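For reference, the structure is listed below as structure tokens.
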Amino acid sequence: MSAAPSSANVSRDPLEPTVLIEGAQTDQSLNDSLLNHVWRGAGRGWWMLFGCALSALGLLLIGITYTLYKGIGAWGNNIPVGWAFGIINFVWWIGIGHAGTLISAILLLLQQKWRTSINRFAEAMTLFAVICALLFPLLHTGRPWFAAYWLMPYPSVQGIWPQFKSPLTWDVFAVSTYFTISLLFWYLGLVPDLASLRDSSKSRTKRIVYGIFALGWRGSGRHWSEYKWSYLLLAGLSTPLVLSVHTIVSFDFAVSVIPGWHTTIFPPYFVAGAVFSGFAMVATWMIPARQFLGLKHVVTIKHLENMCKVMLATGMMVTYGYIMEHFIAWYSGNPYEQGQFFKTRWHGPMQGIFLTMVFCNCVVPQIFWFKKARTHVGVIWFASILINVGMWCERFNIVVTSLHRDFLPSSWQNYAPTWVDISLFIGTIGLFSTLFLLFLKFVPAVAITEVKELRHEMEHEAHHASVGGGAGAHG
Amino acid sequence: MSCDDNKEARAKDRQKRRSLPIVTAEAPRPSTATAARAAPRYWRSIEEREAAKAIALGAVNEFPPGADELAEGSVSRRGFMQLLGASTALATVGAACRKPNEKIVPFVRRPEELTPGNPLHFATAYALEGFASGLLATSHEGRPTKIEGNPDHPETLGGTTAIEQALVLGLYDDDRAKVLRRGGESTAWRVFLEDTKARAERLEANKGAGLRFLVEPSASPLLGDLRRRILARFPMAKFVSYSSTTSDGAAEGPRLAFGQPLVARHDLDKAKVILSLDADFLGEGPELPRATRAFAARRAPGPEMNRLYVVEPALTGTGAMADHRLRMRGTDIPSFAAALVAELATDTPALAPLAGLPKSATFDQRWIRALAHDLQRSRGSSVVIAGRRQPAAVHALAAAINAALGNVGSTVTYLLSPFDGSSGPKALGALVEDIAAGGVDTLVITASNPVYTAPVDFKLGQLLQRVPTTIYHGVYEDETAAVCGTMIPATHPLETWGDARALDGTVSIVQPLITPLWGAFAETQVLAAFLDEGDVSAHELVRRYWFGQRPGDQTAAFDAAWEKWLADGVLPGTAAQPVTVPAVDGQALATVIGTQLAALTAQADGLELGFVNDQRLHDGRFANNAWLQELPHSITKHTWDNAVMISEATAKAQGFETGDVVALQYRDRSVEGPILIVPGHADDAVTVALGHGREGAGESIAKGVGFNAGVIRTSDAPWYDRGLKLARTGDEHKFAITQTQWTMSPDGRASPPPAVDATLAEVLNEGSKFHEELEERRGPLPTIHEPVDYSHVQYKWGMSIDLNKCTGCNACVVACQAENNIPVVGKENVRKGRHMQWIRIDRYFSGPIADPEVINQPLGCVQCETAPCEYVCPVNATVHSDEGLNEMAYNRCIGTRYCSNNCPYKVRRFNFLDYTSEYTAARMMGTNPDVTVRARGVMEKCTYCVQRIERKRIDTRIAGTTIKDGELQTACQQGCPARAIEFGSLNDPGAKVTRMHADARRYDLLHEIGTRPRTAYLARVRNINPDLAKVD
Amino acid sequence: MSQGAHIPHEDTGFVPERYVLAKFATSDALLEATRKIREAGQGELDTHTPYPVHGLEKALGLGRPLIPTIVLGGAIAGAFIAYSMIYFMNVLDWPINIGNRPPHSPPANIPITFELAVLLAGSSSFFGFFTLARLPKPYHPVFQSESFRQASVDGFFLSIKIREGESPDAAAALAEAEGATHVEIIEELER
Amino acid sequence: MSLLFRPRHNTLAQISLFVVAAGALGGLGGLMVYARTPYARGMQDPIEQPIQFDHRHHTRDEGIDCRYCHNTVDKSPSASIPPTQLCLNCHSQIWNKSPLLDPVRRSFIENKPIEWRRVNKVPEFVFFNHAIHVNKGVGCVSCHGRVDLMPAVEKGEPLTMGFCLDCHRHPEKNLRPVSEIVNMDWKPDGDPEETGKVLAEENHVHTRTSCTTCHR
């Protein structure tokens, strides 16, 4: 990651020359404007949102308690539909989580400068999404109190081990690794900002608190030199990680024999779908956030437009996935596959969900061909919400629709969720929002350090293009 | 073990069966422990009763493996707490938590024949509809846990019915009546006896003029004897036997034909052509086990294969097996019989006089002609069977045809009816008149719940209140108990001594497996009370009687004989001799039934209302048996309900959909029930099952399930009548149906049919397409890794199921449920698709929905060698055994349900809720101690009854032998009356199952996905009459 | 703030370290000054900037970073542990017939092997860094300077650790000469 | 003075980090060790019975064969606790006055079973079969410990799945001539391993580790 290529890169950067930071900013001004929302006391708006989030969270607690008390029978699941909302939500949340890592890691490796304004935001989202996702693998088992540790390879007195051919075992490792790494990555990036919080806070208590978390960071040149590598390598590791995680999640289905699950295209198309939904979710939150936290000067319309482009691209990958599924079903001549895709999906009892999915995931993103749409905040926001819906429907199709009609017609059964299913779903949204609002309250939503660096770097380019790539390693 | 093979194994089996040593006490020995501490025979107070019950139930705490389950009511809850405990840090290292201390309660005096931990087998008998079937009951520490058929019994031949399999659950039913009460007061047996003594003396004065007994039709010699002795003492008294399931026609028909009431017994193993006129002989009635076995035995494809014609309104199990089925309103069948006779008459002079009988409808002549020719082609080896629901005329014609075709003596024999008089509505009518006339002073009811089953126009409920003294002897506090003054708790068949006679006359001694759990009393005791012998035990009564039957027998000699009777389960030489019937006087008969037919055929037109006994609840007496309530109907697969069954066309015409609740308006009465469209139902006809909509105060399970069709059932039209109207009520009903799809490709997908069938011609022709297709569906498939080689293990367990034999009678389903402690989940959960039966019988319709062909396909876990369920389990809870069983370790399961998702056959069942921890102590006694009672959140499935395998393995390994073919049976196989299921080691070339696997009709279900199942299927064969070859 | 030679505290004999902390206006100035002062060989240098400034490593004369090697080690360890664990558990200790699949099937082992490699690599990167950086270290003498609070906002600082027995003045002077906008001398606290 | 932390806080920070890490690892390790302790397994904890039945006395002093009381052990899954009747076979003659035996006599007269407390227990879902083990030469002592030295019986072995598997994988070391089944002191003469192999041959010992061998 040396200066030369990056600076060369910069000049050929398709984004250039565009404003990634608006107005004449100094480090000081950036510092103040970006920390402003942390210093500012919680407004009425924040409290109202927080209230809603908390009540939804309450719903989650009720749902969990009831499920543990009553058993999985509290859900709508049955035989053949052994998995339903639980796994749908799991996959959906995990997918959403991916955008964060993608933005912070992959765009970092690709030296996309525009990422700096949104990566902190997206990484936080990853964490919270993964937390929501993590609830389900445990909760959906019949006996969580055993699942909690029997899935771990520890020397038990029974002398029996986990079964490592099962995708669920892979999941355990994949998801926990993903969570750990995302957390470390996020925190490492946060440390310098925490230091500036520590140093620019007014009240002593706040300074001490932030000071504790800043771990005594003092911007030492010796630290920076290792830090850059540590951060870069974490990014480098997260990149294959993020791809592997959703690949493994897709194995939960792809490895099975069930028509609609048993397909090799799942890994790539799950990952694309993950990024798709992830960006949609980032947009859904970023648009109001930049509005109310006064971040418009760093999260410019340019950023949003780029996100739209990504959504358009991934949306089309997903669409390709759908087409491929159908093609292979037809081409393989497998009657069960054909039944699943040409009969059940289009004409079965779950038809509505399927069509919703097609509309939201294949049709809606197409509007992003138009710059007007890409640059209109309202349109983007609305579209991104639709995409979130669409992606949830996709998971419903994969999980429930495939299961409810498989090989032997004698075992076909319909599926209907219960209030517990629904409250668990809403509940996780509550959990996510709660964590997110807290994050916005106590931590800078934008990576100050990196934005400053970016500014500094662009300043240099303005002056003498020869200097200034170095930050590329970091920015 | 089937009757016809493996003699020596059978002999061994018989030795293993125990006869009960002579005991003078009421208590049979195996349950000494219970007896010793058993409840007092009668109660002084409720508290005392409860206390006594507690002791009685506590008495089973010997500790065989699984004894822990015995006290399950508590154990499972404790187990559950442990599970919760396991979530605490302490236990997070392999359930390390220390157990709370437990009690072990040994016997005080252990009966010597009892080895704690090893089950005993007792031969006994159970009589339904008056005729006995011989059973073998398995008992663990004095707790009967399982029923099997007695292979040595001529009418059972080792087969069972679903109802018999479910008897065990009924025994431990906590809803059973537990108090002997007079009015609201609990009273004592002693007191009752004193009253009765006094009353008897009073009645004797006027020769018992006001004394009536309303009893079940029964062929029991002992009951017959008691009856005679009572009538001797009270000449004016009357015995009325009534059962809503028997009809006057069946007894009357032969009388018309041969001049005396006779019972027809059919030997289907001699029959090449069978015609059923509305007779569901494979689905109900005393002939079921033997008829099914004989019928199935002749299904082997070949020149000798039988051909079944069925004429019936609603699709039955028999109809499903038909090679040719003609759907027809029940009220048209007499005309059909007449038409058939007319057709036959052309070639059979004996029938000529009957040729001109009146007919109301016209029928498919081609069909009738083909049928007639077929019947005639096989004179002496054909048979016409008339259904119980048909009037005397039809039975008479059937008899006439059989006689004319020379079938009498070969395929059908006639026996003297053991019943005196009929037990249909006619008999009951007489009693009702007596009561109405105030001529009845004391009425003793031992019939099962007549107030519910009696025709509505008798208004029996109200009438009974007019009778000064009513004594009801029943198992439950049911509708009848509610209106009777005195209620005597009746013993369960497994609780009492007695005897019973089978259809062929063979007598079996009924011996108890356990003392009455809640102090109940036998029918014999109640009757004996009127002979001042009420204090004599049921055991003594039956012994005395039979001792009396063997004059000049020394006690010792008798004891020896008695021992043998008990051990064998049959009394040798008691079978009745067939009656040699006179030739039918065609002219006479013609005149008699001519008028009857004229009356029948002159019926008002309009929708036909047809009643049928529910195939699970019978006349409603089993309505409190959850196993039977949750048993899927063999055709519609609905549970926990009865329905207004109707054909699609008629429903359309009337504008009804399945689920619409309609009011059935018949004459001036009406009842509401949900429509259920059934393929193959006759048009313009409706069929409703009796036995539902119970309102017994004591029957918590039966209460309010389904609707009571009895409230529009009148004495003059107990089975069929026209003039029904259906009116929409606007309500909707959601059936709890276990199989929602009708056909093998509901959405028109091109998948290979799961259940294969072919015509006999195709099967016999080696080169036919059928054989080509089957070749595709068996044998090795290309695979990337070597299949595990099982040829060297001692046993390679495998199963085969012959679709050509399975009649869908459901015996296997209940047998499995009883053997494997499978819980019931209730109506709501069945609706959600969470039923638990490990083996299900998939029923597929093909062809036009109006006239479908049916295949039954029993499906349990097929034990795939490359099981898809196994590699997805994260915790090794389901893996392969060295012998190729697909094992399921319940205690290791964490309930991800991934295995079920990945099971192409969807034969895994999941404990979505806690179905077992609320079991009462009594219910726990009924569980099989060799099988874990599964906890909440655990996956379960069929493992070829591995507990039986392991027991047998250990026994043989100790004995130093090996398991021979036929020695080891799975529950479903043993219960199956058709012997459609074979099980054994595929490494044994001589084994039946091995031969079946090599059969030309063999194919593997979903073979194309490479699961290598161990259960093989044999294709269904349809023996089409060439004259009727597929134009329809 | 004491000037002149080190004065050991009478009671404990603790010898405090002393730093010269110089603030510069821009990163370029800092870069320039660092290079110069290092050449002058004044004590041990360190810089404090709100964000990494390109070129400072060279200016401070830092060697090749260790992190990459550590991470590589972590990755290898992770992969090895994972595969051997699976092999031991499902092949050596208790091989079970899982639906006819071979006990040792490499494809099935790839995901976990990879994940564990990433986990250990990532963790070693994170914890490796903090170990190398001797963090957490809430207290450091430079924090005593009030103006140092700018270091994480927009200040570019250079800190010079004065060698035993030397006077900080020279270094301070040099820093001023190099255009430091503000220079102060800090003495380490004892407790 | 705006200084937030002082030198001592550095030490504090390091210590607290150490505590967290050590706590997590130590805790888990501790639990695994605990699960293997006799305490967690409920061993070495003599259980007070309603009647002070002394196995030591009955077997060692009186030399009564285990199978006299546990008389179904070789033909049934369950060894069975003797019925009261059986106690009185002897105790109607000897000690028939002893107050210690009152509960026994009462049980017999009142026909109420003696409620013993369970000592050796496998979970509900484990189907252990005494008969096959005894008939294949696995001695009582192998699973029940030196009952003949226990005044009050205590759990002699952990009876965990691991314990069972260990023997089912390598039965040799626990095999003995069927004649010596109840002998608590029996020691193989010569190399135990070898003797075991021979015995396994003689008794046709084929141990199995399929799940359904014990779980059904």
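Here is how names work: the chains are called A, B, and so on, in the same order as the sequence lines, proteins then strands, and each is numbered from 1. Quick caveat, the model's predicted, so the values are computed rather than measured.
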**Asked** Contact part of A:Asp171 toward chain B, heavy-atom cut-off under 4.5 Å: side chain, backbone, both or neither?
**Response** neither
**Asked** If we only count heavy atoms from C-beta on, is the B:Thr1011 to A:Val257 side-chain gap below 4.5 Å?
**Response** no
**Short side-chain to backbone donor-acceptor contact, A:Arg143 and B:Gly895, under 3.5 Å** = no
**Fill in**
Scored by heavy-atom pairs under 4.5 Å with chain A, the best of B:Val907, B:Val938, B:Val875 is B:Val875
**Fill in**
Assert top hit (heavy-atom pairs under 4.5 Å, partner chain A, pool B:Cys893, B:Gly748, B:Pro754, B:Ala750) equals B:Cys893
**Message:** Counting only non-hydrogen atoms closer than 4.5 Å, does B:Thr896 touch chain A with its backbone (N, CA, C, O), its side chain (CB onward), both, or neither?
**Reply:** both
**Complete:** Among A:Ser402, A:Ser410, A:Gly71, the residue with the most heavy-atom pairs under 4.5 Å to chain B is A:Ser410
**Asked** Which bit of B:Pro904 is near chain A, if near means a heavy-atom gap under 4.5 Å: side chain, backbone, both or neither?
**Response** both
**Message:** Check this for me: A:Tyr331, atom OH, are more than 12 non-hydrogen atoms of other residues, nucleotides or ligands nearer than 6.0 Å?
**Reply:** no
**Item:** Greater than 12 external heavy atoms within 6.0 Å of A:Lys70's NZ
**Value:** no
**Fill in**
One option among A:Trp170, A:Trp161, A:Trp75 has the most heavy-atom pairs under 4.5 Å with chain B, and it is A:Trp161
**Asked** Would a distance-only check, ignoring hydrogens and angles, find a side-chain to backbone donor-acceptor pair under 3.5 Å from A:Ser411 to B:Tyr905?
**Response** no
**Prompt:** Counting only N and O atoms by type, is there a donor-acceptor contact under 3.5 Å from the side chain of B:Tyr871 to the main-chain atoms of A:Val255?
**Reply:** yes
**Prompt:** B:Arg936 side chain to A:Gly73 main-chain N or O, any donor-acceptor pair under 3.5 Å?
**Reply:** no
**Item:** B:Arg749 side chain near A:Thr344 side chain, heavy-atom distance below 4.5 Å
**Value:** yes
**Prompt:** Given that the side chain runs from C-beta out, which part of A:Ala148 has a heavy atom under 4.5 Å from chain B: side chain, backbone, both or neither?
**Reply:** neither
**Asked** Just wondering, do B:Leu1005 and A:Phe407 contact through their side chains at under 4.5 Å, heavy atoms?
**Response** no
**Complete:** When the 4.5 angstrom heavy-atom criterion is applied to A:Ala416 and chain B, the contacting part is neither
**Fill in**
Honestly, the part of A:Trp261 sitting under 4.5 Å from a heavy atom of chain B is side chain
**Message:** Against A:Gln413, only a single residue in B:Thr738, B:Ile737, B:Thr740 fulfils side-chain contact (heavy atoms from CB on, under 4.5 Å); can you say which?
**Reply:** B:Thr740
**Item:** Within-4.5 Å side-chain heavy-atom neighbours: B:Arg892 and A:Ile160
**Value:** yes
**Message:** Is A:Asn77 close to chain B through its backbone or its side chain, or both, or neither, when contacts mean heavy atoms under 4.5 Å?
**Reply:** both
**Message:** Can you list the residues of residues 82-89 of chain A that sit under 4.5 Å from chain B, counting heavy atoms only?
**Reply:** A:Gly82, A:Trp83
**Asked** Which pair of non-hydrogen atoms, one from B:Val872 and one from A:Pro167, has the smallest distance, and what is that distance?
**Response** CA-CD, 4.4 Å
**Message:** Only pairs of heavy atoms separated by less than 4.5 Å count here; which of B:Gln739, B:Arg834, B:Glu870 has the most with chain A?
**Reply:** B:Arg834
**Message:** Using every non-hydrogen atom in the two residues, find where B:Ser751 and A:Tyr336 come nearest and quote the distance to one decimal.
**Reply:** CB-CE2, 3.5 Å
**Complete:** Here the gap from B:Lys906 atom NZ to A:Asn78 atom CG, rounded to the nearest 0.5 Å, amounts to 10.5 Å
**Request:** Measure the OG1-CD1 distance between A:Thr141 and B:Ile894 for me, rounded to the nearest 0.5 Å.
**Result:** 5.5 Å
**Prompt:** Heavy-atom distance under 4.5 Å to chain A: side chain of B:Cys899, backbone, both or neither?
**Reply:** neither
**side-chain contact (heavy atoms from CB on, under 4.5 Å) evaluation trace for B:Asn891 with A:Phe146** = CA-CA 10 Å; B:Asn891 44 302; A:Phe146 284 145; over 6 Å; no
**Item:** Spatial distance of atom CE (B:Met939) from atom CD1 (A:Ile79) [nearest 0.5 Å]
**Value:** 4.5 Å
**Request:** Count the heavy atoms of every other residue, nucleotide or ligand shown that sit under 6.0 Å from CD of B:Glu732, and state whether that count exceeds 12.
**Result:** yes
**Asked** Hey, does B:Val879 have a side-chain heavy atom less than 4.5 Å from the side chain of A:Gln163?
**Response** no
**Request:** Ignoring hydrogens and angles, tell me if any N or O in the side chain of A:Arg405 forms a donor-acceptor pair with the backbone of B:Asp747 under 3.5 Å.
**Result:** no
**Request:** Sort out for me which of B:Ser900, B:Pro868, B:Ala877, B:Pro746 touches chain A most, counting heavy-atom pairs under 4.5 Å.
**Result:** B:Pro746
**Asked** Among B:Glu1008, B:Lys637, B:Gln857, who wins on heavy-atom pairs under 4.5 Å with chain A?
**Response** B:Glu1008
**Complete:** Of A:Val172, A:Asn334, A:Val81, A:Asp252, the largest count of non-hydrogen pairs under 4.5 angstrom with chain B goes to A:Asp252
**Message:** If you define the side chain from C-beta out and look only at heavy atoms, does anything of A:Pro335 sit under 4.5 Å from B:Pro752?
**Reply:** yes
**Message:** When you compare the side chain of A:His140 with that of B:Arg897, does any pair of heavy atoms fall below 4.5 Å?
**Reply:** yes
**Selection from B:Asn829, B:Asn901, B:Ile1009, B:Leu1006 maximising heavy-atom pairs under 4.5 Å formed with chain A** = B:Asn901
**Request:** First locate atom CH2 of A:Trp150, then atom CG of B:Asn876, and finally report the distance between them rounded to the nearest 0.5 Å.
**Result:** 12.0 Å
**B:His638 atom NE2, neighbour heavy-atom count above 12 within 6.0 Å** = yes
**Complete:** Ranking A:Ser256, A:Ser166, A:Pro144 by heavy-atom pairs under 4.5 Å to chain B gives rank one to A:Ser166
**Request:** Counting only heavy atoms closer than 4.5 Å, note whether B:Thr743 contacts chain A via side chain, backbone, both or neither.
**Result:** backbone
